[in-house]
4 protein chains.
Amino acid sequence: MPESHRRTRSKGYGAISATRESRPAGERTKVVSRTGPHRSESVRLAVLNAADDLLVERGFAALTIEGIAQRAGVAKQTIYRWWKSKVDILLDTLTDDARDALQWHPAEGDSAEEALSAHLRRVSDFFEEPAGRVLQALLGHAQLDEDTAKSLRAGFLKDQRALDTAGLREVLAREDVTVDDSGLDLLVDMMLGPLYYRALLFGSPIDKGLVDTTARVTLALARELSAARS
Amino acid sequence: MPESHRRTRSKGYGAISATRESRPAGERTKVVSRTGPHRSESVRLAVLNAADDLLVERGFAALTIEGIAQRAGVAKQTIYRWWKSKVDILLDTLTDDARDALQWHPAEGDSAEEALSAHLRRVSDFFEEPAGRVLQALLGHAQLDEDTAKSLRAGFLKDQRALDTAGLREVLAREDVTVDDSGLDLLVDMMLGPLYYRALLFGSPIDKGLVDTTARVTLALARELSAARS
Amino acid sequence: MPESHRRTRSKGYGAISATRESRPAGERTKVVSRTGPHRSESVRLAVLNAADDLLVERGFAALTIEGIAQRAGVAKQTIYRWWKSKVDILLDTLTDDARDALQWHPAEGDSAEEALSAHLRRVSDFFEEPAGRVLQALLGHAQLDEDTAKSLRAGFLKDQRALDTAGLREVLAREDVTVDDSGLDLLVDMMLGPLYYRALLFGSPIDKGLVDTTARVTLALARELSAARS
Amino acid sequence: MPESHRRTRSKGYGAISATRESRPAGERTKVVSRTGPHRSESVRLAVLNAADDLLVERGFAALTIEGIAQRAGVAKQTIYRWWKSKVDILLDTLTDDARDALQWHPAEGDSAEEALSAHLRRVSDFFEEPAGRVLQALLGHAQLDEDTAKSLRAGFLKDQRALDTAGLREVLAREDVTVDDSGLDLLVDMMLGPLYYRALLFGSPIDKGLVDTTARVTLALARELSAARS
DNA sequence: CATTAAGCGAGACGGTACGTCCCGTCTTGTC
DNA sequence: GACAAGACGGGACGTACCGTCTCGCTTAATG
């Protein structure tokens with residue numbers, strides 16, 4: 001039995017935040033006084049790990065609820081009790097795993113352009129990692145299924161967008177470049193678009209030239225927008 | 001039974017070129033001495049129309065070979081005789097339909113920036129059309145299935161990339177901006193990336209600001225690269 | 001919520017005798033030092049009533065432990081604590097309900113033939129009643145499951161057989177017809193066989209002709225056997 | 001893999017008569033001009049044999065569609081294409097197997113009583129045979145499920161009743177005993193009732209005494225009815 | 001009279017079988 | 001030989017209950 005490639009699952013999340021997707025916040029009111037057994041955390045982890053192990057090993061098409069159940073040593077019904085579909089499971093793993101990898105942590109001494117380049121490099125690399133595969137699969141499935149698209153946009157993508165906007169703003173502020181919200185929106189699209197485009201359409205590893213150029217062009221545009229403001 | 005939204009399918013392609021994907025060139029030698037009826041063109045059209053009608057009406061998940069066969073009034077085996085899978089059928093419809101819509105035809109009197117903007121506007125609109133839905137579905141499926149990715153990249157995406165490179169070069173030439181091949185590659189990514197990013201990740205209609213900015217930034221970068229050459 | 005058709009459940013039995021099947025005598029030794037609450041009689045009744053209400057309303061196939069638990073407002077585990085299976089529950093209801101209905105109480109002034117006819121008439125009618133449905137279901141299930149067959153034969157059927165033998169002997173004695181035990185066995189089969197045959201195989205209401213003929217033939221045979229003895 | 005205990009399945013029925021239950025006569029009009037594959041007879045036999053082998057080996061409760069499919073080497077869907085349920089399959093095996101065993105073939109030189117006794121002896125023995133187990137299971141299930149009851153009564157039981165009435169009439173005619181139809185109905189109940197009663201309720205092998213007495217009493221009653229007519 | 005073990009409602013869990021959908025292959029008969 | 005029709009072996013689906021197992025509360029005899 002292969003050790004899961006993920007090590008950090010059990011670290012850094014409580015049951016509540018981590019199960020956001022399967023136990024929406026609004027439902028919490030219902031859970032006033034509960035007697036009887038509680039949801040097993042070990043089951044939850046086994047399922048999440050089984051799911052993205054299988055995704056990485058065999059691909060999305062070969063990912064089945066029955067396969068996940070078997071690999072996790074769990075009954076099918078237990079999966080259906082907490083998740084609506086295999087996509088719902090993957091959305092859960094995403095919350096745990098992808099968030100860290102796509103975080104902005106610009107190095108202290110870097111210039112704005114260096115910081116941007118470094119971040120974009122990390123985004124590029126992300127697509128090669130297991131968590132990146134999960135995001136890729138979900139983005140793919142979102143093209144095929146409107147519900148998936150909705151969930152993904154309302155959850156992960158919205159949050160990530162906020163992080164990216166904030167991160168970019170902060171980096172620009174280092175060089176006193178300030179851009180309003182609509183400008184930042186534009187900049188984020190200009191900055192991330194080319195990377196996702198290459199990754200999703202051509203699947204090729206993203207070359208350093210594209211990353212650096214993107215960073216440089218984004219910064220140039222930001223300066224232009226900043227100047228126009230004053 | 002709804003009239004298919006496609007009208008131009010039967011025009012402008014012969015059976016041979018259009019079925020490139022399902023009948024590879026090497027197989028043509030086999031068709032030397034043939035008895036019995038030939039492939040029915042009406043069957044081919046019925047299948048292609050049924051497939052993308054169903055895709056648009058019910059979505060990719062509900063698209064099944066049996067459903068297509070029924071809708072087309074065709075036996076399942078007939079489909080399997082000519083196509084390997086439902087994805088193969090969609091690849092076929094794409095060849096027929098998407099090519100036109102993503103063609104470059106810059107207006108005579110336009111400036112480079114106007115021409116770029118106009119083309120990008122058309123790309124943006126394309127995602128709303130039926131043919132755009134087909135491409136979206138195939139791009140989605142390509143994230144989930146390596147074979148689909150290969151076929152799509154080796155066929156449609158490669159051709160389209162060539163068209164885009166050539167189109168961009170031609171438009172830039174209008175203002176004596178000349179960029180080498182690797183530069184054009186970069187420019188195409190910068191130009192189309194943001195549009196695909198918004199369309200695939202957020203599904204929102206692409207606003208004019210993004211299109212115009214992308215055109216302007218691309219042109220600026222092109223000039224820079226051109227200057228660096230001389 | 002429908003009022004149960006049974007009214008007499010709570011009358012005339014103690015918890016001990018009634019739960020014979022689920023608490024065998026040998027187990028009583030275990031109950032040496034007991035603290036905590038005792039078995040709730042209201043739970044027991046709720047389960048028994050729920051079970052045969054559901055049996056009559058929806059049939060045996062739709063009778064599930066979970067359904068009974070829900071209808072009775074009882075936890076599943078509580079049922080499993082006291083009964084082994086839904087069949088075990090039905091066996092319990094049978095003990096309460098069927099015994100009365102199949103009792104012999106020959107009217108004082110009746111001739112043997114009148115008494116026999118009257119009793120057989122009551123047997124016929126029994127199959128239309130709720131308690132008769134329970135017996136029918138158990139007899140049916142006994143054909144499918146050897147354990148059920150064993151329990152039913154060792155319990156209800158054995159007791160009932162004894163009642164029928166005694167009842168018949170007593171009625172015959174009124175006219176000084178005396179038959180030995182093996183003869184009585186034969187007579188009981190001849191007397192009840194046709195009724196059960198019609199009820200179980202054809203499900204049709206049993207007509208008076210059959211009942212009277214059966215009574216008459218049984219009596220004739222009894223006289224013959226009695227004569228042969230002396 | 002055990003050789004099925006049935007040897008006569010493939011003998012003595014055509015596809016049409018044998019599939020009465022799954023292809024009702026009224027449907028034949030639909031089968032006007034049929035192209036495409038036909039129902040596989042070998043599949044049909046494999047399923048019927050698997051079903052009653054399993055019934056005899058493991059009992060009705062352990063008889064599952066999946067088990068039958070596996071044992072027969074057949075896909076589950078293939079079973080559902082032709083039969084509605086496991087009960088429907090058993091009804092089909094009954095048509096093939098039980099009919100012969102319950103046929104009347106009175107020996108030429110026998111007296112009426114000898115002929116009756118001989119026939120009833122064969123009925124008694126039938127319950128021990130595999131085909132008897134099938135009938136027992138179906139009779140059992142008919143007590144639990146109204147649909148089963150209907151099918152069984154409308155098919156097998158109705159036919160068998162007709163055979164029994166005719167057989168009895170013929171045997172009585174040997175000694176110039178003639179009884180009208182309603183009388184015969186009564187006689188059949190009197191004759192078979194005790195046997196089924198013992199077999200179904202007590203499951204014990206039926207002793208010779210009961211068989212002979214039943215035959216004798218039936219004949220006596222028949223003579224009485226015959227006399228009353230003239 | 002507090003202790004403490006059982007009864008109990010609730011329901012999570014590992015399972016099995018259900019009946020359905022669709023896959024891709026194969027067979028039959030028609031044109 | 002292409003084609004319509006559709007039977008077939010197969011795999012996964014999502015559902016219904018099974019019987020076992022905690023969990024946290026309530027209750028009643030015993031120490």
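Per chain, numbering begins at 1; letters A, B, ... match sequence-line order.
- Closest approach to the A/P37 side chain among F/dT20, E/dG11, F/dC8 is made by E/dG11 (side chain taken as heavy atoms from C-beta onward).
- Separating the NZ atom of D/K84 from the C1' atom of E/dT20 is a distance of 17 Å, rounded to the nearest angstrom.
- Under 4.0 angstrom from either OP1 or OP2 of F/dA29 there lies at least one side-chain N or O belonging to C/H38.
- Taking the side chain as every heavy atom from C-beta outward, C/F60 and D/H141 never approach each other to under 4.5 Å.
- Mapped onto DNA chain F by nearest heavy atom, D/E66 and C/T64 fall at different nucleotides, with D/E66 at the one closer to the 5' end.
- An OP1 or OP2 oxygen of F/dC3 is reached within less than 4.0 angstrom by a side-chain nitrogen or oxygen of B/W82.
- Protein atom CZ of D/R81 is 12 Å distant from nucleotide atom C1' of E/dT20, rounded to whole Å.
- Across the protein-nucleic acid pair, B/Y80 atom OH and F/dA2 atom C1' stand 18 Å apart, rounded to whole Å.
- The listed nucleotides are E/dG14, E/dT27, F/dC3; the one nearest the side chain of A/V74 is E/dG14.
- Note: CZ (A/R71) to P (E/dG14) measures 17 Å, nearest angstrom.
- Between C/K86 and C/L55 there is no side-chain heavy-atom pair separated by less than 4.5 Å.
- Whole-Å rounding puts the D/R58 CZ to E/dT16 P distance at 14 Å.
- For B/A62 and D/L63, each mapped to the nucleotide of DNA chain E holding its nearest heavy atom, the one lying further toward the 5' end belongs to D/L63.
- The CZ atom of A/R39 sits 12 Å away from the P atom of E/dG14 (whole-angstrom rounding).
- In this structure, D/E66 does not pair ionically with D/R71, as no charged nitrogen and carboxylate oxygen lie closer than 4.0 Å.
- Nucleotides of DNA chain F nearest to D/A75 and C/K76 differ in position, and the one nearer the 5' end is that of D/A75.
- Across all non-hydrogen atoms, the minimal contact from B/T148 to B/L138 is CG2-O, 4.0 Å.
- Across all non-hydrogen atoms, the minimal contact from C/L90 to C/V134 is O-CG1, 3.8 Å.
- Not one side-chain nitrogen or oxygen of B/T78 sits closer than 4.0 Å to the OP1 or OP2 atom of F/dA2.
- A straight line from CG of C/D145 to C1' of F/dC18 spans 15 Å, rounded to a whole angstrom.
- The residue A/G73 sits close only to the backbone: its heavy atoms come under 4.0 Å of sugar-phosphate atoms, none of a base.
- Look at CD on C/Q70: it is 10 Å from P on E/dG11, rounded to the nearest Å.
- Checking F/dT15, E/dC8, F/dG10 against every side-chain atom of A/Q77, the shortest atom distance belongs to F/dT15.
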